[in-house]
Amino acid sequence: MPELPEVETVARQLRLRVVGRTVRRLQIFDPLLRNGRTPRVAGRSIRGVTRSGKRVLIELSPAAGVKGALWLAVHLRMTGRLLWMDERGDLEHLRARFQLDRGELLFQDTRRFGTFDWYRSSAAAASQGLEPLSPELTPPRLAALLRGSTQALKAWLLRQDRLVGLGNIYASEILHAAWLSPFREGRTLTKAEVERLHRCIRRILERAIRNCGTTFSDFQDARGLSGSYQRLLAVYDREGRPCRRCRAPIQRVVQQQRGTFFCPGCQGRGRTSARRARGTG
DNA sequence: GGGTACCTGAAA
DNA sequence: TTTCAGGTACCC
């Protein structure tokens with residue numbers, strides 16, 4: 001599941017536990033995690049844990065016999081978990097284990113979509129798209145990114161080459177918060193609508209981070225705990241239930257083979273809203 | 001752009 | 001048994 005708030009939660013918790021620790025040994029149990037060579041990490045210490053888009057970045061120091069710092073980008077994809085454990089557990093679907101000088105960091109991933117990518121510089125490890133919570137994302141910048149887009153807004157928000165970190169849950173939540181139809185084309189948004197979208201992207205993501213993300217079935221943070229934002233969801237997974245704002249039943253449609261949840265009452269009437277918006281300027 | 005594939009398990 | 005799932009890479 002993990003989208004930006006979940007990945008941010010994991011990175012923050014991990015940071016408190018592993019920064020300054022030394023890697024004694026890295027074991028990779030799932031060959032899918034070895035795309036290309038896995039560098040030597042034994043003897044390196046963990047200098048930092050950050051987030052870039054939906055990936056956790058672990059910075060490793062140089063060590064005796066191994067030159068240069070190293071960055072590991074862990075993408076959790078759908079079911080990946082980075083878990084901090086002090087004692088040996090008997091975990092199912094354990095894909096990798098970092099044995100540290102004290103404790104260990106485990107990578108568990110039921111569906112095996114998760115990835116490890118290794119980089120020699122932080123620049124190489126950086127994401128393509130813009131971080132939605134960075135000061136660089138201003139309303140004019142968002143307007144510039146949206147300019148000319150004929151893509152449905154929901155699909156556009158999922159693109160990682162424009163904004164990073166948004167996924168299927170928060171794309172629906174943000175559009176509802178911004179009173180925008182998921183079917184609107186990016187190029188049709190007025191200045192006021194772009195400003196509203198900008199505000200809601202930040203508001204929703206920040207609130208989700210404060211709640212340690214959303215858990216349906218799989219997401220756990222580094223402590224093995226669930227998030228709590230699922231209590232606050234306005235539309236996602238609420239098909240047929242009343243909109244908290246206008247009481248109309250929440251609707252589920254499929255866009256790009258993925259579920260989109262929205263309120264037909266207060267987010268415009270689906271596919272016609274783009275035409276209506278163009279008509280009214 | 002949109003379809004399909006990757007992988008596993010839970011729920012319908 | 002079939003369908004669905006929080007993600008993205010790769011095909012036309």
Side-chain angles (χ1 to χ4, degrees), chain A residues 1-11 28-36 51-56 73-82 91-96 107-117 125 127-129 132 145-176 182-187 204-205 207-209 211-221 225-240 252-261 271 274:
Chain A
M1 86 173 301
E3 303 179 33
L4 186 153
E6 291 75 30
V7 180
E8 180 67 28
T9 298
V10 169
I28 294 181
F29 308 116
D30 187 341
L32 288 181
L33 286 177
R34 298 179 174 281
N35 52 337
R51 177 191 59 74
S52 173
K54 295 177 190 172
R55 301 175 308 163
V56 176
V74 179
H75 201 309
L76 305 174
R77 296 288 183 99
M78 302 285 265
T79 55
R81 295 171 179 168
L82 277 170
L91 276 189
E92 258 192 312
H93 307 300
L94 184 62
R95 306 298 181 195
F107 180 66
Q108 184 196 30
D109 188 7
T110 303
R111 288 178 70 179
R112 306 171 66 203
F113 286 163
T115 55
F116 281 9
D117 289 288
S127 301
Q128 297 269 297
L145 289 172
L146 283 164
R147 194 159 299 143
S149 171
T150 57
Q151 227 173 355
L153 271 184
K154 162 70 179 344
W156 189 88
L157 288 176
L158 296 182
R159 298 180 59 156
Q160 303 297 300
D161 59 340
R162 297 297 192 270
L163 299 181
V164 290
L166 302 182
N168 213 36
I169 294 179
Y170 298 107
S172 283
E173 292 298 309
I174 286 165
L175 289 173
H176 180 265
F183 308 110
R184 286 280 296 278
E185 293 180 5
R187 62 178 180 178
I204 296 288
L205 291 179
R207 193 154 77 119
I209 291 170
N211 283 273
C212 297
T214 302
T215 299
F216 282 102
S217 54
D218 296 297
F219 174 65
Q220 287 184 358
D221 62 24
L225 299 180
S226 296
S228 60
Y229 194 79
Q230 60 277 11
R231 293 184 294 112
L232 303 174
L233 294 173
V235 286
Y236 188 86
D237 203 34
R238 297 194 70 240
E239 183 181 16
R252 177 184 188 274
V253 295
V254 175
Q255 276 179 301
Q256 306 188 130
Q257 289 84 243
R258 318 204 57 199
T260 293
F261 296 86
R271 291 163 209 286

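Not measured: the values here are computed from a predicted model. To find a chain, count down the sequence lines: A is the first, B the second, and so on, and within it residues start at 1.
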Set of residues satisfying side-chain contact (heavy atoms from CB on, under 4.5 Å) with respect to [X], sequence neighbours excluded:
X      : result
A/A152 : A/Q255
A/S226 : A/T215
A/R51  : A/L4, A/V7, A/E8, A/A11, A/E131
A/D237 : A/F216

| Non-neighbouring partners of A/R55 that pass side chain to side chain donor-acceptor pair (under 3.5 Å), sequence neighbours left out |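 With sequence neighbours excluded, A/R55 shows a side chain to side chain donor-acceptor pair (under 3.5 Å) to A/Y119, given in chain and number order.
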Q) Residues in side chain to side chain donor-acceptor pair (under 3.5 Å) with A/T110, at least two apart? A)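 Residues passing side chain to side chain donor-acceptor pair (under 3.5 Å) with A/T110: none at all.
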Counterpart residues, salt bridge (charged side-chain N to carboxylate O under 4.0 Å, His left out), relative to A/R207 (two or more places apart):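 Per chain and number, A/R207 pairs via salt bridge (charged side-chain N to carboxylate O under 4.0 Å, His left out) with no residue.
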Suppose we screen for salt bridge (charged side-chain N to carboxylate O under 4.0 Å, His left out). Which residues come up paired with A/D221, at least two apart in sequence or across chains?
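With neighbours one apart ignored, the set is A/R223.
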Protein-nucleic acid N or O pairs under 3.5 Å, nucleotides 8-12 of chain C:
from: C/dT8; atom 1: OP1; to: A/H75; atom 2: NE2; distance (Å): 3.1
from: C/dT8; atom 1: OP2; to: A/K54; atom 2: NZ; distance (Å): 2.7

Under 4.0 angstrom, heavy atoms only, what part of the nucleic acid is [X] near: base, sugar-phosphate, or nothing?
X      : result
A/R252 : sugar-phosphate
A/Q257 : base
A/S217 : base

Quiz item: Does C/dG7 have A/F113 stacked on its base, where the ring centres are within less than 5.5 Å and the planes differ by under 30°?
Solution: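 Yes, the aromatic ring of A/F113 stacks with the base.
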Inset, instruction - Kindly state each residue pair satisfying salt bridge (Lys or Arg N to Asp or Glu O under 4.0 Å) with at least one member in residues 151-176 of chain A, sequence neighbours excluded. - result: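 Passing the test, one end in residues 151-176 of chain A: A/R159-A/D161.
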Is there a side-chain contact between A/F113 and A/T79 (heavy atoms, below 4.5 Å)?
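No, side chains not in contact.
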* **Between C1' of C/dA5 and CZ of A/R112, the distance in whole Å** =>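 About 18 Å, once rounded to whole Å.
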DNA chain B in dot-bracket form (Watson-Crick or G-U pairs under 3.5 Å, [ ] crossing, | inter-strand) is ||||||.|||||
### Query
How far, in whole Å, is C/dT8 from B/dG9 if one measures between their P atoms?
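22 Å, rounded to whole Å.
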Checklist entry - From A/Y229 OH over to A/F219 CZ, what is the distance, rounded to the nearest 0.5 angstrom? => result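 Between atom OH of A/Y229 and atom CZ of A/F219 there are 14.5 Å.
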(message) What is the first contacted nucleotide of DNA chain B and what is the last, in 5' to 3' order, if contact means an atom lying under 4.0 angstrom from a heavy atom of chain A?
(response)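 Taking any atom under 4.0 Å from a heavy atom of chain A, the span is B/dG1 to B/dG9.
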